[in-house]
Amino acid sequence: MSNDTPFDTDRGSGGETHQRVPEDGSHTHGDTAHLTTNQGIRVSDNQNSLKSGTRGPTLLEDFVLREKIFHFDHERIPERIVHARGSAAHGYFELYESLSDITRADLFQRAKEKTPVFVRFSTVAGGAGSVDTPRDVRGFAVKFYTKEGNWDLVGNNIPVFFIQDAIKFPDLVHAVKMEADRAFPQAGSAHDTFWDWASLMPETTHMLMWAMSDRTIPRSLRMIEGFGIHTFRLVNAEGKSSFVKFHWKPKLGLQSTVWDEALKLQAADNDYHRRDLWEAIESGNFPEWELGLQIFDQAFADGLPYDVLDPTKLIPEEVIPVRKVGRLVLDRNPDNFFAETEQVAYCPANIVPGVDFTNDPLLQGRLFSYLDTQKSRLGTANFHQIPINAAKCPVMNFQRDGQMQMNVPTGRANYEPNSLAAHGEEGGPRECPVTGFTTAEGRLENEEQGEKLRVRAELFADHYSHARLFWKSQTPEEQAHIASSFVFELSKVGLKQVPPRMVANLINVDGDLASRVANGLGIQLPQKSPAARAPIDMEPSPALSIHKNMKETLDGRKIGILIADGSDASALAALRKAIEGAGAASFVVAPKVGGVKLSDGKTTQADGQLLGSPSQLFDAVAVLLSDEGAATLAKEGAAIQWVMDAYGHLKAIGSNPAAKPLIDRAGIAPDDGTTGLDDAFLKAAAKRFWAREPNVRMLA
Ligand code: HDD
């Protein structure tokens, strides 16, 4: 081994310990990286611990072994109490036009300017190792590294929340997470404690409607909306402030799975969403959203029959249109999951000059919680110095020391004011009343401010108007899914008093919904529960429906093609070309991944083996078989299930005539979604066939 230079030439001048591995995988070449301990001592043997004799006991002296095991023992940090399972990506936000009239926030000043971002998506209830596709809310957290500091917009894919006051958050989370004594179920709300609590908390009803809708079983993280939820403020250079609600609109349109598909995805691929996001970015199909703003003023807020400070309410887009102001593009996967996705620390209190809070009592509680959480997770008040959390603008203050301090401040100036400069010493930074963050004027939205009260504002007592609005805004198919989800979840509840109590609340939303749920549960329709405040009727909002906002496109979608020995080579090539030409990815599935002998005698590799690539992984499926292949696969359960599930999940199924024995064996009744392998298939592949659903499952 060459060891002729005193310093490792692969190490940066700052002494950082990037563990660069030589391209040939070796670690002994003279000019390549060497394995070292964390103290920089080169390691001569990474295979054997130091022993007394060949078969003797391991020696305590082995600092290489002890350091390696010590570090390994501490590799995990506490996972997030909620949103533990997540996936993230780097990207940028690009502004369409200057918003200087409404905000002084630096990132909103100059058209076309890009601001770097790091975005983390998550489920809420499950642990870090849980699956990607339970019925659950998705977190949508964006860290903007602006030139005037970090702004975190920590939202969800649903525009409202379960509770109105942060003091209820621990109760919500305890109720929804695995039950305290048995530690199950993981990652889902379909259990006693969640519904016990939710049925006793009528303010959850609006959010429950969303949670039971297909919003919580998205097809892809690339196809969800995002919302800031709370009413925030934007403040311009003159100090004039406006209220704002933030929206993220996915370029690929909204799309969800059906429940049976989501359940089967949990078995097919635990990492379905993580993989999908990663692969899209890796292949250059960068996920994209538009940032939309709903802007309004105090007079508008005062005129509403509900309170804009109540996070269980939304403002329909039909009432205040969403103004699109820029786009978010995710174009780079993280280099290291732990360093970035796990250690990223979002905090709703991170805002920049030009953005401000409101008195929403849920938001106000969040302003405390996240900073506190980060200290507990990352172990030190210096977590802001971790690269993924560090602002990309100068950070200068007199905060000092603490565990894991990475900065080495020079001089004596660690207090302010000081007059050290007069002595020729470095005096340090000073406050700036002009460009510094100033709290917006007019934050006293509430005339009673000043009295100390533990109360809710009057209009917060309206628990049902917005739940009714949501229900009325759905298509009949979506309503059937919502009613069926209530039935599914409440059927898992063993506490007998809970389902009737929940149904009693639902009568306040809609009598038909409540009857359908009671009927699906096989229980008597109970008496309506008393509403704290009589609901009002609102105009339906089509923007709240997924089905009314889906895009018929193959962009970003994936089509599975089932082949077997003898499949037509040129038809396969043409099909793949057509699929990819339409913007989708094609994925060839075959009984053997190593090879299928096509009609031209050539062997082609499959992308996935049949059993490991069930049809729920695809948006539409094509079956291209020879007579021989169809005869074989008609006897293969996995192939029959492949076609049956595609049918049951309301997807397009294209097939060639020779595939008929398999199609028939799967019991497929022809409809608009069953086509040949021509253009009609590509058109069909961009849709789901809701009309088929009553033939394949009983919905509530
Ligand atoms: Fe929260 C994490 C979203 C209310 C306390 N929350 C967390 C994350 C998201 C949200 C997306 C994960 C961020 C990431 O990817 O690291 N939370 C919300 C939304 C809420 C909300 C949209 C309501 C509108 N949260 C909320 C309340 C509290 C918390 C009321 C406490 C009073 N949330 C936390 C937390 C977490 C968190 C415990 C866990 C891990 C973390 O913060 O970093 O502090």
Side-chain angles (χ1 to χ4, degrees), residues 77-90 117-128 132 136-144 150-177 201 203-204 206-207 210-211 215-216 221 224-232 245-248 273-274 277 308-314 330 334 337-350 357-358 360-379 383-384 386 388-389:
I77 59 174
E79 66 176 39
R80 291 166 177 83
I81 163 73
V82 279
H83 297 267
R85 181 164 179 85
S87 307
H90 295 271
V117 298
F118 189 67
V119 180
R120 184 174 180 275
F121 303 99
S122 46
T123 57
V124 179
D132 276 353
D136 199 355
V137 178
R138 297 303 186 286
F140 193 130
V142 182
K143 191 180 281 293
F144 297 86
N150 288 352
W151 174 36
D152 293 355
L153 187 55
V154 194
N156 282 339
N157 72 330
I158 291 178
V160 289
F161 202 62
F162 289 100
I163 48 172
Q164 296 172 326
D165 191 310
I167 200 166
K168 296 309 298 169
F169 192 68
D171 299 295
L172 159 68
V173 175
H174 288 170
V176 75
K177 287 197 80 114
M201 292 281 297
E203 74 196 53
T204 63
H206 186 201
M207 181 74 171
W210 285 80
R215 293 268 175 172
T216 46
L221 298 169
I224 60 174
E225 287 183 317
F227 302 91
I229 300 173
H230 314 283
T231 301
F232 288 89
K245 294 253 185 201
F246 295 107
H247 296 245
W248 294 109
H273 284 155
R274 180 175 288 182
L277 181 69
V308 297
L309 299 184
D310 175 353
T312 67
K313 309 289 199 299
L314 52 80
L330 299 182
F337 183 87
F338 181 84
E340 300 178 283
T341 310
E342 194 60 10
Q343 291 200 117
V344 66
Y346 294 93
C347 180
N350 291 350
F357 314 119
T358 60
D360 174 339
L362 191 70
L363 174 60
Q364 291 287 324
R366 294 180 74 194
L367 301 182
F368 162 71
S369 179
Y370 289 67
L371 194 60
D372 190 45
T373 292
Q374 308 314 346
K375 165 72 183 64
S376 150
R377 291 195 64 234
L378 298 163
F383 69 86
H384 61 280
I386 296 173
I388 196 65
N389 295 322

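Sequential numbering from 1 along the given sequence is applied to the chain's residues. For the numbers below, each heavy atom of this structure counts, side chains included, while hydrogens, waters and symmetry mates do not. It should be emphasised that the depicted structure is a prediction, and the values quoted were computed from it without experimental measurement. Atoms within a ligand are numbered from 1 in the order they appear, just like the ligands themselves.
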So do the side chains of Phe357 and Pro348 get within less than 4.5 Å of each other, counting heavy atoms only?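 Side chain of Phe357 against side chain of Pro348, heavy atoms only: no contact under 4.5 Å found.
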Numbered atoms of ligand 1 (with element) below 4.0 Å of [X], judged on heavy atoms:
{"X": "Tyr346", "result": "13 (C), 14 (C), 15 (O), 16 (O)"}
{"X": "Ile81", "result": "38 (C)"}
{"X": "His230", "result": "24 (C)"}

Starting from [atom], locate the nearest protein heavy atom and write down its residue, its atom name and how far away it is, to 0.1 Å.
{"atom": "atom 41 (C) of ligand 1", "result": "Thr373 CG2, 3.6 Å"}
{"atom": "atom 16 (O) of ligand 1", "result": "Arg80 NE, 2.8 Å"}
{"atom": "atom 15 (O) of ligand 1", "result": "Arg120 NH1, 2.6 Å"}
{"atom": "atom 30 (C) of ligand 1", "result": "Leu362 CD1, 3.4 Å"}
{"atom": "atom 43 (O) of ligand 1", "result": "Gln374 NE2, 2.9 Å"}

Looking only at non-hydrogen atoms, find the nearest pair between Val119 and Leu330 and report the distance.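 For Val119 and Leu330, the tightest heavy-atom pair comes out as CG2-CD2, 3.6 Å.
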Grab the two heavy atoms, one from Glu225 and one from Phe140, that are nearest each other, plus how far apart they are.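 For Glu225 versus Phe140, the nearest heavy atoms are O-CD1, 3.8 Å.
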Under a heavy-atom criterion of less than 4.0 Å, does Gly155 contact ligand 1?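 For ligand 1, residue contact (heavy atoms, under 4.0 Å) with Gly155 is present.
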Sub-4.0 Å heavy-atom approach of Lys168 to ligand 1: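 No heavy atom of Lys168 comes that close to ligand 1.
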Protein N, O or S atoms lying under 2.8 Å from atom 1 (Fe) of ligand 1, listed by chain and number: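 Within the sphere that stays under 2.8 Å of atom 1 (Fe) of ligand 1, the protein atoms of type N, O or S are Tyr370 OH.
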Are the charged groups of Glu79 and Arg85 less than 4.0 angstrom apart, N to O?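 Here Glu79 does not pair with Arg85 in a salt bridge, since their nearest N and O are not under 4.0 Å apart.
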salt_bridge(Asp171, Lys168) N-O dist < 4.0 Å: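 So Asp171 pairs with Lys168 through a salt bridge.
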Under 6.0 Å from the CZ atom of Phe337, do we count more than 12 heavy atoms belonging to anything else shown?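 Yes, CZ of Phe337 has more than 12 neighbouring heavy atoms, counting only those of other groups under 6.0 Å.
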At what distance, to the nearest 0.5 angstrom, does CG of Asp136 lie from CZ of Arg215?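 These two atoms lie 15.5 Å from each other.
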Quick check for you: to the nearest 0.5 Å, what is the distance between Ile229 atom CD1 and Asp360 atom CG?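 Nearest 0.5 Å value for the CD1-CG distance: 9.5 Å.
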Run through Phe227, Trp151, Phe144 and flag the one making a ring pair (Phe, Tyr, Trp, His ring centres under 6.0 Å) with Phe246.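 With Phe246 as partner, ring pair (Phe, Tyr, Trp, His ring centres under 6.0 Å) holds for just one option, Trp151.
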I'd like to know if the side chain of Thr312 reaches the main chain of Gln164, judged simply by a donor and an acceptor atom lying under 3.5 Å from each other, with no hydrogens or angles considered.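 No, the answer is negative, given that no donor and acceptor are paired below the 3.5 Å cut-off.
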Hey, does the side chain of Arg120 reach the backbone of Ala89 with a donor-acceptor pair shorter than 3.5 angstrom?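 The answer is no, because no donor-acceptor pair under 3.5 Å joins these two groups.
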